[in-house]
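Keep in mind that what you see is a predicted model, and the values were worked out from it rather than measured. Residue numbering restarts at 1 for every chain, and letters A, B, ... go by the order of the sequence lines.
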2 protein chains.
Amino acid sequence: MPQVPRQDKAPTSADVARAAGVSRTTVSFVLNDVPGSGISDATREKVLAAVRELGYAPNAGARALRAGTGNLVVYAMPRWPLGPAINSVIERTRAALADRGLVLLVHGDRSLTGTDAALAWAELRPRAVIADTDRCTAESVDLLRRHGVRTVVLVGEEDVPFAPTVRLAQRKVGRVAARHLLDRGHRRIAAIVPTGDLAEPGELRYAGLAAEVATTGLAVARHDLGFDHDAALALARAWAADPDGRPRALFAYNDEFAALMLRALRDAGLSVPGDIAVLGVDDTPLCELVQPRLSSVALHTSDFAEAHVRVLLELLDRGPHEPWPELPENEPRVVVRDSA
Amino acid sequence: MPQVPRQDKAPTSADVARAAGVSRTTVSFVLNDVPGSGISDATREKVLAAVRELGYAPNAGARALRAGTGNLVVYAMPRWPLGPAINSVIERTRAALADRGLVLLVHGDRSLTGTDAALAWAELRPRAVIADTDRCTAESVDLLRRHGVRTVVLVGEEDVPFAPTVRLAQRKVGRVAARHLLDRGHRRIAAIVPTGDLAEPGELRYAGLAAEVATTGLAVARHDLGFDHDAALALARAWAADPDGRPRALFAYNDEFAALMLRALRDAGLSVPGDIAVLGVDDTPLCELVQPRLSSVALHTSDFAEAHVRVLLELLDRGPHEPWPELPENEPRVVVRDSA
DNA sequence: TTGTACGCGTTATCAG
DNA sequence: CTGATAACGCGTACAA
């Protein structure tokens with residue numbers, strides 16, 4: 001146990017000054033490495049020792065109050081699960097920001113939208129905010145700007161005119177999938193659209209697929225499905241019972257749904273890819289583990305995380321009112337294995 | 001576009017007062033719903049209108065500075081991935097805290113430990129901190145307390161004497177798995193211990209398994225493995241080539257590793273559970289998707305999240321120096337399917 | 001209801 | 001290097 005006196009109030013820079021036998025000014029100079037101030041190594045060491053002794057941590061709020069802005073960056077949790085990508089995006093962003101002395105805080109509230117969300121983030125007076133486009137209107141962004149947020153980066157399907165957007169286009173995923181299936185000669189194509197949490201991105205991926213398929217004059221059979229083996233099995237059995245109505249290729253929303261369908265199709269006596277081809281999305285490790293191995297549209301989330309961070313850092317350097325450069329967009333590609 | 005004048009400084013409560021034609025005191029009374037102050041509905045409405053008009057968001061830092069404590073709760077990202085559990089734990093915690101007007105922020109820095117970590121969290125002067133035991137010493141906790149953090153909840157393997165701990169015991173997972181396999185008559189048991197990020201929890205799960213098995217006088221064959229198909233296949237082939245040395249039951253670190261081994265075993269010509277039983281951990285949807293369907297030790301993370309939140313809320317009401325009650329512990333159970 | 005005045009912890013300025 | 005002073009935005013005690 002540390003031998004410091006028990007006190008119920010946090011130590012202040014004044015406490016540090018007293019303990020070190022110097023002035024508060026000196027403490028501030030040492031802690032902020034102020035260049036022009038001739039602080040001897042001896043006093044500097046005394047101050048740092050006192051800091052350690054007291055367990056002093058500068059009050060971020062007071063500091064931000066004084067400086068007009070702090071070193072917080074708010075990362076608003078995307079409303080729909082980005083899948084495995086999210087962890088690596090957050091971690092890389094955090095590391096990059098830490099290099100600049102900025103602290104990344106993930107703001108978990110997914111229920112807030114528009115100005116409500118912006119107000120919640122603005123309370124923290126962050127230096128930058130990263131959020132998804134569909135929770136931010138022009139008004140939200142303006143609100144943030146007025147609260148001193150210098151950088152706003154949005155992530156989402158659409159490029160919006162009022163803030164830089166890193167595009168993670170879901171429709172494009174559907175289009176790429178469609179192109180792949182069409183190029184392989186498939187003409188009877190079906191799609192799984194998940195219900196529940198994933199409904200929104202499911203809608204987008206489906207829309208992209210359907211749009212691309214439509215350019216050839218064909219249509220897509222749409223099947224809304226929860227993540228449920230029985231429902232999947234019912235669908236597979238219906239296909240097994242009706243060879244003429246059965247699709248020859250299936251775009252599952254992601255690898256998990258694809259694996260679910262793989263299982264159901266096999267249980268219904270259909271073979272993959274013989275009777276029906278199956279295509280997943282995300283290129284997760286799961287692809288290699290199922291039988292047959294699953295072809296999948298890779299989002300290249302690693303590249304995406306990289307781009308994300310690069311953009312953020314570049315934007316941090318620009319002023320809040322300068323125009324922003326062209327931003328990168330995801331480039332989904334199909335990783336071909338056995339199933340499609 | 002909002003018609004408010006463009007200004008580069010955030011609106012303050014004084015601005016709101018001016019816009020509403022009232023005093024700053026009144027604004028504060030309205031915004032904080034101060035009971036004793038007789039504010040007419042008319043003025044209240046005027047104030048709220050001005051708030052909306054200006055897009056006013058109270059400065060959390062200043063507020064906390066004045067009040068001595070804010071409404072932030074820091075959730076320090078666990079150092080090892082908790083798997084799918086983490087999202088639900090965070091979301092439930094956030095919702096429960098939001099009901100009390102507290103804001104949950106996930107502090108993503110996994111690299112900090114001990115007092116360094118505590119200092120980083122303390123800068124925000126949060127009301128409560130949730131962190132993992134292995135990053136917190138008695139000194140860290142003391143540090144937080146001295147910085148006005150009223151509640152510290154730890155999550156981890158061990159119960160520690162200096163703070164309430166919600167136990168998510170990994171060794172216990174291994175023990176339960178061992179008991180299951182032993183009860184089924186297995187005597188030649190092997191275990192996969194993952195390398196990389198998951199090495200630490202892997203070590204713990206293995207330790208629990210080995211300890212339980214040791215009580216019967218038997219030993220466990222340990223195999224360190226990355227998540228890599230080739231390595232898994234090599235292991236499976238070695239077992240296929242040596243029937244006498246082959247284990248009859250395999251404890252894989254989690255469902256993903258179990259699925260990986262399932263795949264490798266099949267590729268090596270071994271049957272599951274005929275030649276070798278396989279047991280995963282986490283009871284993920286994956287279990288139903290692989291062939292044969294995977295038996296798995298369920299952590300009951302949903303119950304765990306519930307308990308986690310309940311504990312946190314109860315502790316928030318207690319004073320920082322009161323003793324804490326007995327805390328719940330995870331109760332892993334085996335969900336038996338086809339593989340073991 | 002209003003205005004005034006203070007202090008929370010920090011940094012900055014400026015004359016010793 | 002010190003010491004005094006001011007300001008950031010907010011909440012509140014107090015007297016009107």
Donor/acceptor link under 3.5 angstrom from [X] side chain onto base of [N]:
X     : N      : value
A/R66 : C/dG9  : no
B/R24 : C/dG3  : no
A/R63 : C/dT10 : no

- Taking for each residue the nucleotide of DNA chain C with the nearest heavy atom, is it B/F29 or A/L65 whose nucleotide lies nearer the 5' end?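 That would be B/F29.
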
- Message: If we check side chain to side chain contact (heavy atoms under 4.5 Å, CB included) with A/L124, which of these qualifies: B/V103, B/L72, B/N59?
- Response: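 Only one option passes, and that is B/L72.
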
- Spacing of B/D33 atom CG relative to D/dC10 atom P, expressed in whole Å: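 After rounding, the gap between these two atoms is 17 Å.
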
- In whole angstrom, give the distance that lies between atom CD1 of B/I39 and atom P of D/dT12.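 It is 13 Å, rounded to the nearest whole Å.
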
- Without hydrogens or angle criteria, can the side chains of B/S40 and B/T43 be said to hold a donor-acceptor pair below 3.5 Å?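 Yes.
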
- Given C/dT10, C/dT2, C/dT13, which nucleotide is nearest the side-chain atoms of B/S23?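 Ranking C/dT10, C/dT2, C/dT13 by closest atom to the B/S23 side chain puts C/dT2 first.
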
- Message: So B/T12, base contact, sugar-phosphate only, or nothing? Heavy-atom distance under 4.0 Å.
- Response: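 It contacts sugar-phosphate atoms only.
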
- Name the nucleic acid region contacted by B/S13, choosing base, sugar-phosphate or nothing; use a 4.0 angstrom heavy-atom cut-off, strictly under.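 Answer is sugar-phosphate: B/S13 comes under 4.0 Å of backbone atoms only.
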
- Query: Using the C1' atoms of the five pairs at each end, what is the angle between the end axes of the helix from C/dT1-D/dA16 to C/dG16-D/dC1, to 10°?
  - Reply: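 The end axes of the helix from C/dT1-D/dA16 to C/dG16-D/dC1 are about 40° apart, to the nearest 10°.
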
- Return the 5'-most residue of the pair B/V34, A/T43 with respect to DNA chain D, ranking by each residue's nearest nucleotide.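 The 5'-side residue here is A/T43.
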
